[in-house]
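Positions are given from 1, in the same order as the sequence printed here. Here the structure is a predicted model, which is why all the values come from computation and not from measurement.
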Amino acid sequence: MGFLANYVRNLASLAAFGQPTRPLLFSYYVTHRCALACRYCSDGQGRPFKEDVVEELPTDQAKALITLLRADGDTLDITGGEPMLRPDLEDLLAHAKRIGFRTVLNTKGVGLSHRPDVMRLSDVFVLSVDSLNVERLAEIIGGRDAGETPASRECDSTAEAEDILTALDWILANRGYHPTRIVLSVVATPDNLDDVSDVLALCVRHRLGFQLSPQIVGTAVHPDLRDNPRFRSLVNDVIAAKSAGAAVVGVFDYLRSIRDARPYRCHPLLMPTIRPDGTVNLPCLEQPTHRPDVVAAGGYRRALSQAGQAAKPPRDCRGKCHIFCHMALSLLQRRPLAALRELTGWRNHA
């Protein structure tokens, strides 16, 4: 099954007042390991991913998992943790492309110039960069507040921040050699709003994709972003850039909704999240009630069937998870005309 077929079948489910269950993409967390301490990193339960130690599938089993997922979707997002900590990342991406997946890679990009194939093998390369200033970025990825000294943390994150910005420079210098679409992903926190504006300006200048999510605390928008006039102004600037033709990812309703922290109806099964051990979080990453093993079940649909009622999202979710992977996809599915404009716009930026 592919994106379009699943999208249409989901529309039929919505028309019958049901919950859409056909994935628009799979998100495979190939590892929870990460050397950074990004202040916004959370699995929805207030815990950074790297603190949730999960055994990773070896290469052959990971490939078997990817093959099973292909029966139910054609877009695979590979994320983490930091996926580039896996030495077999190129093998996994190559296998996914070989069997017909459209590949998306989410990474900080450290060491990218030494592993150029990870970009070549990604149809969409999403670089997470929350500031273009080394010191500011070091504060964010080191989990520090502004002015807090590196000595009070596990390590000085300045070198890692420099490596991320070096990866960005390498991408800008080499993007013409790859058909990969580049997206810069930014998390807006109460302290980096000016930095986000700088990233947006760079994306507009270089015709890169731009993806914005507000910082989430638990499953709710950071309280200091709610009714924050600077955050509202930033999102309005993003909306204006999209209106002017910039490659901003997400329908307009998504941008307005994160600006205003509007409630929305979430459809988490549009993007099933797969853990490093091959189990799937059902109904979602933030509130898993069941984690069937996709390989042991013989496929994603069978794993979903095993979960039964556990796959249904809780009823109290309308004011939570204002993040791209949930809100943007849910609104994309519920706004077919806006979805058509979104897809047409991305084709124009190819």
Check: Does the side chain of Thr67 come under 3.5 Å of the side chain of His95 through a donor N or O and an acceptor N or O?
Finding: yes

Notebook entry, point to check: Any chance the rings of His322 and Tyr264 have centres within less than 6.0 Å?
Noted result: yes

Checklist line | Nearest-0.5 Å distance, CD1 of residue Ile141 to CG of residue Leu36 | finding: 5.0 Å

Notebook entry, point to check: Would a 4.5 Å heavy-atom cut-off, applied to side chains only, mark Thr289 and Pro283 as touching?
Noted result: yes

Checklist line | The single option from Glu56, Glu55, Glu51 passing salt bridge (charged side-chain N to carboxylate O under 4.0 Å, His left out) against Arg33 | finding: Glu56

Check: What's in the same ILVMFWY side-chain cluster as Leu337, cut-off under 4.5 Å, chained through other members?
Finding: none

Checklist line | Approximate separation, where rounding is to 0.5 Å, of Leu24 CG and Cys325 SG | finding: 12.5 Å

Check: Would Asp77 and Phe26 satisfy side chain to side chain contact (heavy atoms under 4.5 Å, CB included), going step by step from the backbone distance to the final call?
Finding: CA-CA 6 Å; Asp77 169 59; Phe26 288 103; over 6 Å; no

Checklist line | Connected hydrophobic set around Tyr177, excluding itself, where side chains approach under 4.5 Å | finding: none

Next item on the list: Name all residues meeting the side-chain contact (heavy atoms from CB on, under 4.5 Å) criterion together with Ala297; count only those two or more places apart in sequence or in a different chain, and write none if there are none.
Entry: Arg302, Ala303, Gln306

Note to self: Does any part of the side chain of Thr166, heavy atoms only, come nearer than 4.5 Å to the side chain of Trp170, both counted from C-beta?
What the structure shows: no

Check: Taking the side chain as C-beta and beyond, is there a heavy-atom pair between Thr107 and Glu82 under 4.5 Å?
Finding: yes

Checklist line | His206 vs Leu172 side-chain heavy atoms within contact, under 4.5 Å | finding: yes

Notebook entry, point to check: Can you list the other members of the hydrophobic cluster that holds Val8, where links are side-chain heavy atoms under 4.5 angstrom apart?
Noted result: Leu4

Note to self: Holding to side-chain contact (heavy atoms from CB on, under 4.5 Å), I want the full list of residues that pass it with Pro336, two or more places apart in sequence or in another chain.
What the structure shows: Tyr7, Leu11

Notebook entry, point to check: Under 4.5 Å between any side-chain heavy atoms of Pro276 and Leu57, yes or no?
Noted result: no

Notebook entry, point to check: Which pairs, with at least one residue in residues 208-234 and sequence neighbours excluded, count as a salt bridge (Lys or Arg N to Asp or Glu O under 4.0 Å)?
Noted result: Asp194-Arg230, Arg232-Asp260

Check: Any Lys/Arg nitrogen of Arg136 or Asp195 sitting under 4.0 Å from an Asp/Glu carboxylate oxygen of the other?
Finding: yes

Item checked: Under-4.0 Å salt bridge between Arg47 and Asp52 -> yes

